[in-house]
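Beneath this line is the structure, given in structure tokens, with notes to follow.
Quick caveat, the model's predicted, so the values are computed rather than measured.
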Amino acid sequence: MNLFAKDLIAVADSPLQHWLTTLPAQLETWQKEQQHGELPKWLRCVAQLPELAPQHVSLADTVTVTSDDISEGQQNRIRGLMMQLTPWRKGPFNVHGVHIDTEWRSDFKWQRVAPHLSNNGDLSGRQVLDIGCGSGYHLWRMLESGAEQVWGVDPGQLFMAQFMAIRHFMPQELAERAHWFPLGVEDLPELRAFDTVFSMGVLYHRRSPIDFLTQLRAQLKPGGELVLETLVVEGDEHTVLVPGETYAKMRNVWFIPSTAALLHWMERCGFKNARVVDESVTSLEEQRATEWMQGQSLADFLDPNDATRTIEGFPAPRRAVIIANR
């Protein structure tokens, strides 16, 4: 079974045809050698979702697909299958009356990002890449903003199953414009083909942030726009936090720069017109445990006696949005 046959056809019919020199072989290797042990179970859940005609679709803060004709039994079936795809981290979604209250209120982030995109947030006609896209919540918001095609890459295979579950219910005209590949940014050639590249919540997970920024730039066409959202600390252009074993109980956090340092890095990497458009401390309303993500969340990662510090004593999570051009 080729999970990506329709997506590869979409690549061939897009300005990204040159991606086909590497992409099919990478996906074939992934299907043979790199699948997560739980993936067959997750894909069975997706395959068992009922076929329902979407009568009401909204790609607003809660991405919603509903039908007037759904039965209670169908709704319970959807809920049970979606629950088997937990934890749900990025959302929220409403699928035929099943409200998936994800760990992150990703709509909060989109509200901070969208007003600062070029053309007053209008992505019409654009080929858009989201690197580290998770379950694909923001891909649907990008379509709401008019993107011609949205392309998500993320190595997380549970995220892939979650994306496929949501796409299953979408009307065909939307489903055919949203694509997801189980790849990391290091798997991408220098495509230089996207009008807009998003990278939200990835930079601090990379061992080499300069290499990562260079890889992001390599995906943009000349004049294209980068939207970078990441953890930052307060300080001057020489301030970079290098945590110990964990930061907010995350083990894979390597470098957290100040915004001034990050802008300096981006200038060195060749970006133009880089500017900070938003900076804010992450709130307990934005990231929290829910029925759909029952593990520890932000409240458990902060010092119980001082919410301005992490449990390790570092500054609490502060996130910035930077816009730049190639």
Side-chain angles (χ1 to χ4, degrees), residues 36 38-39 41-43 45-46 49 54 57-66 75-114 130-145 150 152-170 174-175 178 180 182 198-202 204-205 229-231 248-250 280-302 317 319 321:
H36 190 285
E38 293 289 297
L39 184 61
K41 182 189 79 172
W42 298 332
L43 294 180
C45 291
V46 176
L49 291 168
V57 178
S58 171
L59 303 183
D61 287 351
T62 298
V63 173
T64 301
V65 185
T66 60
Q75 192 176 74
N76 289 337
R77 183 180 176 189
I78 292 170
R79 179 181 176 82
L81 290 167
M82 292 298 208
M83 269 290 181
Q84 293 186 52
L85 300 179
T86 55
W88 285 79
R89 297 196 180 276
K90 304 295 176 67
F93 301 99
N94 176 2
V95 182
H96 296 290
V98 177
H99 296 268
I100 302 176
D101 186 14
T102 50
E103 176 188 14
W104 283 88
R105 286 290 305 270
S106 302
D107 51 317
F108 288 17
K109 182 178 296 188
W110 188 249
Q111 289 163 11
R112 295 193 297 269
V113 168
D130 188 1
I131 292 175
C133 64
S135 62
Y137 169 84
H138 289 113
L139 297 177
W140 304 112
R141 304 307 304 273
M142 295 164 195
L143 287 180
E144 178 194 37
S145 297
V150 292
V153 296
D154 195 302
Q157 296 177 34
L158 177 59
F159 292 147
M160 183 183 77
Q162 292 170 348
F163 168 76
M164 293 172 65
I166 299 298
R167 185 169 67 171
H168 169 85
F169 292 110
M170 287 291 174
L174 286 175
W180 199 108
F198 288 81
S199 172
M200 299 190 286
V202 181
Y204 47 89
H205 292 313
E229 191 269 358
T230 188
L231 289 173
K249 294 191 178 180
M250 292 185 288
S280 59
V281 175
T282 304
S283 71
L284 296 176
E285 291 73 33
E286 184 172 359
Q287 183 188 11
R288 69 276 190 274
T290 75
E291 178 186 15
W292 295 84
M293 201 301 293
Q294 296 186 6
Q296 291 190 336
S297 193
L298 181 59
D300 306 292
F301 306 154
L302 300 178
R319 308 186 77 93
V321 179

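Taken to the nearest 0.5 Å, the CE atom of Met82 stands 4.5 Å off from the CD1 atom of Ile100. Here the CZ atom belonging to Phe93 is positioned 9.5 Å from the OG1 atom belonging to Thr62, to the nearest 0.5 angstrom. Phe159 contributes atom CZ, which lies 15.5 Å from atom CE of Met164 (distance to the nearest 0.5 angstrom). Here the straight-line distance linking atom CD of Glu229 with atom NZ of Lys109 works out to 3.5 Å at 0.5 Å rounding. With rounding to the nearest 0.5 Å, the separation of CG in Leu85 from NZ in Lys41 is 8.5 Å. Put simply, CZ on Phe108 and OG1 on Thr282 are 11.5 Å apart, with the number rounded to the nearest 0.5 Å.
Gln294 pairs by the side chain to side chain contact (heavy atoms under 4.5 Å, CB included) definition with Glu291, not counting sequence neighbours. Residues passing the side chain to side chain contact (heavy atoms under 4.5 Å, CB included) test with Pro155: none are found, sequence neighbours excluded.
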TODO: Quick one: do Met170 and Val63 satisfy side chain to side chain contact (heavy atoms under 4.5 Å, CB included)? Show the steps, please.
DONE: CA-CA 10 Å; Met170 287 291 174; Val63 173; 3.6 Å; yes

TODO: Mind running side chain to side chain contact (heavy atoms under 4.5 Å, CB included) on Trp42 and Gln157 for me, showing each step along the way?
DONE: CA-CA 9 Å; Trp42 298 332; Gln157 296 177 34; 4.2 Å; yes

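Within the 4.5 Å cutoff, no side-chain heavy atoms of Ile78 are placed close to those of Gln75. Side chains of His138 and Val150 form no contact here, defined as non-hydrogen atoms less than 4.5 Å apart. Under the 4.5 Å side-chain criterion, counting only non-hydrogen atoms from C-beta, Thr230 is not in contact with His205. Looking at Asp154 and Met160, their side chains never come closer than 4.5 Å, going by heavy atoms from C-beta outward. The shortest distance between side-chain heavy atoms of Arg141 and Asp107 falls below 4.5 Å.
Taking each heavy atom of Leu302 and Pro317 in turn, the nearest pair found is CD2-CD, 3.9 Å. The shortest heavy-atom contact between Leu174 and Leu143 is O-CD1, 4.0 Å. Nearest approach of Ser297 to Ala289, heavy atoms of both residues: CB-N, 3.4 Å. Residues Leu59 and Trp140 share a closest heavy-atom pair of CD1-O, 3.4 Å. Closest approach of Pro92 to Asp61, counting heavy atoms only: CD-O, 3.6 Å. For the residue pair Trp180 and Gly134, the shortest heavy atom distance occurs at NE1-O, 2.9 Å.
The side-chain hydrogen bond (donor to acceptor under 3.5 Å, both in side chains) contacts involving residues 83-98 comprise Arg89-Glu103, where partners must be two or more places apart or lie in separate chains.
Between the side chain of Trp292 and the backbone N or O of His99, at least one donor-acceptor pair lies under 3.5 Å. Counting only distance, with no hydrogens or angles, the side chain of Arg288 and the backbone of Thr102 share a donor-acceptor pair below 3.5 Å. At least one donor-acceptor pair closer than 3.5 Å links the side chain of Gln162 to the backbone N or O of Pro87. The main-chain N or O of Asp101 is found under 3.5 Å from a side-chain atom of Thr290 such that the two form a donor-acceptor pair.
A salt bridge does not link Arg319 with Glu286: none of the charged nitrogens is closer than 4.0 Å to a carboxylate oxygen.
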